[in-house]
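One structure is given below, encoded as structure tokens.
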Amino acid sequence: MRAFDPRRLRTPTRFVPALLGGVLLVHFVVPFAAFLSQTGTSNVVAGLSAPPARSAIRNSLLTAPVATLFSTLFGVPLAYALARTSVRGKRLIEGVVVLPLVVPPVVGGAMLLTAVGRFTPLGRAALAAGLPLTDSLAGVILAQTFVAGPFVVVTARAGFGAVDERLERASRSLGYGPLATFWNVSLPLARGAIVAGVVLTFARAVGEFGATMMVAYNPRTIPTRIWVEFIAGGIDAIVPLALALLAITVVVVTTVQRLGHLPTVVDG
Amino acid sequence: MRAFDPRRLRTPTRFVPALLGGVLLVHFVVPFAAFLSQTGTSNVVAGLSAPPARSAIRNSLLTAPVATLFSTLFGVPLAYALARTSVRGKRLIEGVVVLPLVVPPVVGGAMLLTAVGRFTPLGRAALAAGLPLTDSLAGVILAQTFVAGPFVVVTARAGFGAVDERLERASRSLGYGPLATFWNVSLPLARGAIVAGVVLTFARAVGEFGATMMVAYNPRTIPTRIWVEFIAGGIDAIVPLALALLAITVVVVTTVQRLGHLPTVVDG
Amino acid sequence: MTLEVSGLTHRYGSKTAVEDVSFSLADGEIVGLLGPSGCGKTTIVQAIAGHLRPAAGRILLRGEDVTRQPPERRRASVVFQEPTLYPHMTVGENVAYGLEAREIERSRIDELVETHLELISLASRRDAYPAELSGGQKRRVELARALAPEPDVLLLDEPLSALDRSLREELRRAIGRIQRETGVTTLFVTHDQADAMALADRLVVMNEGAIAGVDTPRALYESPPTPFVASFLGRSNAVEATVVEPEPLVLAVGEQTLTLPEARSDRPAGASVSCHVRPADLTLAESDGTDTAPTLSGAVSHVTDRGSRYDVSVTLPTDETVVVERQAEPPPAGTTVTVRVPAAKVTRFGADTAGK
Amino acid sequence: MTLEVSGLTHRYGSKTAVEDVSFSLADGEIVGLLGPSGCGKTTIVQAIAGHLRPAAGRILLRGEDVTRQPPERRRASVVFQEPTLYPHMTVGENVAYGLEAREIERSRIDELVETHLELISLASRRDAYPAELSGGQKRRVELARALAPEPDVLLLDEPLSALDRSLREELRRAIGRIQRETGVTTLFVTHDQADAMALADRLVVMNEGAIAGVDTPRALYESPPTPFVASFLGRSNAVEATVVEPEPLVLAVGEQTLTLPEARSDRPAGASVSCHVRPADLTLAESDGTDTAPTLSGAVSHVTDRGSRYDVSVTLPTDETVVVERQAEPPPAGTTVTVRVPAAKVTRFGADTAGK
């Protein structure tokens with residue numbers, strides 16, 4: 001070993017992690033490149049003008065924002081409560097929040113079916129009221145919220161946790177109550193993390209497939225429509241819709257990141 | 001407003017976030033409860049003994065650990081490189097790592113198909129070499145690694161970022177090179193976060209559905225088998241397999257958390 | 001009294017943080033709350049500000065019992081050790097924040113922000129964000145933000161601890177000047193006796209959750225009520241002695257006797273007392289022997305050159321070591337020397353106060 | 001020379017952190033590297049330890065050029081301001097860590113760990129984890145871990161800055177004792193002049209990335225080479241004066257003259273000089289007038305009671321203010337007083353050194 005110049009020995013050791021990590025990066029990058037090079041060979045505009053495709057796009061653009069809105073509206077206060085209180089049973093609540101993250105989406109879908117399916121008391125009552133909870137847009141929203149909701153809670157919780165509690169105390173001592181302090185101080189300071197969580201939740205909701213397939217195979221969203229067209233026409237048939245879904249995801253993610261001044265979601 | 005006793009006014013403000021958050025918690029908890037109460041009505045043992053179910057379980061238990069292993073082996077060094085170096089183009093690499101997280105799994109699957117499908121140069125070469133990359137266990141592993149890999153990278157990166165660099169510098173000054181320092185100091189101190197990332201990656205891999213459906217509809221894993229049985233027999237038919245998948249997930253998550261001394265994944 | 005703390009007691013779990021603490025601040029007074037880390041200072045500040053509900057005791061602000069009031073209903077501003085400026089607001093917005101909570105006209109708010117930024121000499125940085133300011137400037141803006149709503153009491157919780165020596169002294173002067181100009185009743189919390197003695201009208205010295213002494217800095221320094229106060233407010237030599245004669249007082253230190261002609265003791269002959277005297281008050285006697293002051297003999301064990309002075313450690317035959325400050329070139333280690341002990345500078349503690 | 005730093009220069013972006021710094025440490029010496037925050041001290045430590053590659057200059061350890069060697073190939077141990085003990089290792093394992101990197105037998109390692117834990121009086125806590133130790137104990141274990149591999153040089157980077165006064169003085173004494181016992185060549189980096197003067201054989205005083213003075217603490221305190229060193233090593237009054245007569249030296253301070261009989265100036269009549277004198281060296285003259293020492297007249301503008309002394313601010317007719325330390329009851333503000341200026345205690349700086 002002493003035969004090597006010790007100064008030259010240093011350089012390779014720096015590259016070991018980069019080299020190993022590069023393998024994973026290649027696995028992430030190559031499919032993107034291959035897919036995008038494929039798009040030239042397919043008539044995207046024609047594919048997206050077909051009525052079933054347009055209906056799928058409309059359904060996705062209706063459901064995913066609503067699911068994201070619900071998750072944010074209820075998830076951000078939950079995140080704040082988890083970050084700032086130390087009630088008994090907090091661990092259990094944290095476990096409940098993380099469960100949908102680790103439960104496979106098909107199982108999540110099956111669970112939702114057992115709770116709100118057509119033959120459950122809840123499902124039957126909703127159906128009678130004219131709001132079917134399965135095979136409906138409401139069903140899609142339920143599935144998307146179940147699967148994607150935890151992202152905004154976990155990320156916003158980390159964001160609130162990083163806000164120095166003394167900044168909130170100073171606001172209280174300057175004459176503001178707890179709600180005003182939350183609005184003036186905690187929320188703006190955790191904004192970056194919350195935006196990151198909202199973005200992740202939207203991306204997960206708009207691409208949700210497994211749970212949606214179980215709860216609402218109809219009406220079709222973009223992911224379920226892609227599956228149907230893949231069965232019928234193979235990989236070439238789905239390029240237009242897959243591209244549309246990718247475009248929606250990328251546009252929303254980058255737009256919200258710009259507004260939130262977040263360079264990447266990783267930093268959130 | 002002054003009519004209220006101001007001391008009583010404080011209590012409700014504390015409950016506002018808890019109340020709002022409770023809505024989301026109910027949405028997460030009720031399906032679990034409903035599903036678990038359902039299991040009594042179904043013959044789980046018989047359902048799991050059927051040859052197709054046993055084959056699906058075997059396939060899932062073969063692929064998910066391998067995908068997790070790959071993700072960890074290549075992802076942890078990548079996370080370390082991202083946490084400790086500030087090379088040009090780092091932002092781009094971070095973007096690449098996050099992309100599979102926000103890309104819908106069906107689209108991810110379609111992308112993989114355009115890269116390693118039967119009619120691509122890569123796929124044809126692999127097929128000729130006797131290692132088909134689609135409709136094979138190798139395909140399942142590729143799909144699972146693509147979708148689940150980013151979790152361990154993002155989490156481990158946060159873990160390494162939280163390790164004070166001075167602890168590594170002290171190790172260097174005490175006579176250890178960069179690799180020995182990584183092994184003795186950085187790795188043990190980021191262990192909690194890495195374990196959390198591994199758990200998340202495994203949970204995501206074992207439950208992977210959308211990308212797997214596209215890349216390898218056959219051989220069946222538990223999630224794809226659940227779908228097939230659901231089409232054929234409805235919700236009652238899938239309870240045994242869904243329960244098995246839930247059990248695998250929960251057992252692995254809790255075991256690894258115990259070993260890693262992590263109360264919940266949220267804290268990772 | 002602007003602020004009265006009475007019988008304050010608090011525990012964290014089974015650990016008592018503060019035990020029966022009572023003190024008060026008159027209008028316009030600046031009082032130093034001084035003690036080592038972990039003595040309960042921060043618990044007291046939090047209880048006064050309302051961020052902690054004490055297990056027992058009462059907090060009165062201008063005579064009103066506020067013990068169970070939330071922080072926003074007390075007029076008590078806090079400046080913390082670490083800066084708490086809002087990074088998403090400009091300097092002006094930070095200072096205006098506390099004013100906007102009150103029902104004040106916009107034009108009056110503008111005026112008050114201007115006045116308070118002038119007070120801290122930062123009127124030109126009104127539109128800057130905190131991230132653009134230096135550490136010392138941030139501290140001054142925090143002071144302005146705390147003062148603008150004209151609080152009944154200003155609580156300064158170790159505002160200088162995280163700063164460099166020169167910045168610290170500059171800010172200490174600024175705090176003194178601003179307090180004199182505004183006349184705000186101030187509780188200045190610190191573990192640094194130099195900061196406390198330079199700023200405070202009176203000191204409340206704390207030790208292990210209880211009050212060890214309350215008085216002006218000079219009175220506490222010259223006649224400390226307990227050995228803890230004696231050693232905490234400056235370097236102090238402790239020598240164990242026995243009363244030989246109560247009046248005029250004669251003490252035995254080992255084989256040597258120390259006659260303190262103008263002193264008397266309320267303890268009987270044979271009682272143990274602990275004598276405290278500051279290193280700066282001791283001198284090494286010249287050998288001419290015409291001196292009549294009480295003396296102790298010992299051997300120089302160690303000399304430290306402090307640049308501005310020498311610290312001469314003298315070990316007595318009882319094995320106790322006293323430090324003598326000296327400007328001139330000191331005798332080398334091993335020399336037998338005579339230490340002059342000025343009778344008026346010796347503080348004696350009996351066994352009953354020794355533990356405090 | 002155990003350690004030689006020669007021509008060290010480093011920039012962060014376009015900002016120069018350190019400019020052409022050279023100094024050296026003899027075997028067994030303890031040298032204080034002293035300067036305000038941001039003066040480049042930490043950059044120098046990092047360059048010596050090898051955690052930073054300087055833009056220019058060389059680092060020599062025992063005569064070997066190590067400038068381009070990685071940290072693990074230099075025998076330089078660092079103790080940082082914030083504790084860096086490994087939380088997943090016991091106290092004993094932490095101390096053994098640096099020994100295991102070297103090819104040492106297990107039994108010898110055990111022995112060395114034992115010796116070094118005894119050195120810091122913590123042999124009984126060998127199996128404790130760092131989280132179970134107090135702040136002061138953690139610091140001592142860090143010292144033991146740094147010393148156990150017997151480094152060529154021990155770099156202490158502000159090891160006392162984060163500590164309370166009493167803990168700080170205790171640890172300062174421990175560092176002094178351990179350095180004397182082990183004889184390890186030590187560079188002690190600090191912004192606190194009291195810590196530096198109490199511990200160091202020699203001081204390297206830095207300002208804005210360059211060396212402002214190198215000498216023993218006493219020499220730098222008594223004859224500071226630059227106004228910066230004069231005011232950084234202790235409180236200093238600066239008075240602007242003009243040379244009237246170079247030898248014997250007569251200075252004009254506004255309308256008043258100051259005759260310094262034993263001094264001479266190498267600057268001609270009419271040159272401007274800045275005179276520095278410490279508050280403790282000034283006294284207020286009694287009114288009997290039999291005194292022959294040089295004096296300046298002025299009016300008392302402000303008196304601060306520091307407990308142990310009074311700081312009397314005297315404003316001269318030139319509008320400059322000097323501070324005079326006084327033990328006895330001071331005259332009230334407004335009184336006209338005469339300040340005695342001991343000629344031997346006055347340091348003069350010409351225009352060429354004034355900026356340094």
Side-chain angles (χ1 to χ4, degrees), chain A residues 72 76-77 79-81 83-91 155-199 256-263 267-268, chain C residues 13 42 45-52 61 66 69-89 93-104 109 116 129-130 138 141-159 162:
Chain A
T72 308
V76 170
Y80 187 71
R84 282 289 177 268
T85 60
S86 50
V87 291
R88 206 180 287 261
K90 189 177 155 191
R91 286 256 167 267
T155 316
R157 190 216 144 124
F160 286 126
V163 174
D164 189 338
E165 236 178 303
R166 277 168 301 196
L167 269 67
E168 295 175 357
R169 287 194 181 158
S171 171
R172 297 288 299 275
S173 282
L174 288 168
Y176 292 88
L179 277 185
T181 294
F182 174 76
W183 188 257
N184 293 329
V185 176
S186 326
L187 206 56
L189 292 180
R191 184 164 131 274
I194 293 170
V195 168
V198 169
V199 165
V256 182
Q257 279 182 359
R258 282 281 160 88
L259 292 178
H261 303 291
L262 275 182
D267 293 328
Chain C
T42 295
V45 172
Q46 294 205 356
I48 297 172
H51 298 304
L52 177 148
L61 274 172
V66 296
Q69 299 280 341
E72 62 269 23
R73 298 181 62 81
R74 312 179 179 199
R75 299 182 66 93
S77 288
V78 194
V79 173
F80 293 94
Q81 177 171 356
E82 300 296 323
T84 62
L85 290 183
Y86 300 120
H88 58 302
M89 301 182 191
E93 286 164 359
N94 265 288
V95 177
Y97 186 69
L99 297 166
E100 284 159 0
R102 279 143 178 111
E103 283 166 12
I104 304 178
I109 289 182
H116 283 92
Y129 280 90
K138 279 185 205 160
V141 175
E142 286 220 59
L143 263 180
R145 186 180 70 179
L147 288 170
E150 292 173 355
D152 287 343
V153 63
L154 175 66
L155 304 169
L156 303 174
D157 190 359
E158 304 254 14

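Naming: A, B, ... by sequence-line order, numbering from 1 per chain.
- Between C/His51 and A/Arg169, the closest heavy-atom pair is CE1-O, 3.2 Å.
- When every heavy atom of C/Leu85 is checked against every heavy atom of A/Leu167, the shortest pair comes out as O-CD2, 4.0 Å.
- In this structure, the portions of C/Glu100 lying under 4.5 Å from any heavy atom of chain A include both its backbone and its side chain.
- Listed for the C/Arg102 side chain is a donor-acceptor partner under 3.5 Å among the backbone atoms of A/Leu174.
- The minimum heavy-atom distance between A/Ser173 and C/Ala76, with the atom names listed, is CB-O, 3.6 Å.
- Closest heavy-atom contact between C/His88 and A/Leu189: ND1-CD2, 3.5 Å.
- Nearest heavy-atom pair across A/Pro178 and C/Glu72 is CD-OE2, 3.5 Å.
- Here the side chains of A/Asn184 and C/Tyr86 are not in contact, with every heavy-atom distance at 4.5 Å or above.
- Looking at C/Tyr97, the atoms closer than 4.5 Å to chain A (heavy atoms on both sides) sit in the backbone and in the side chain alike.
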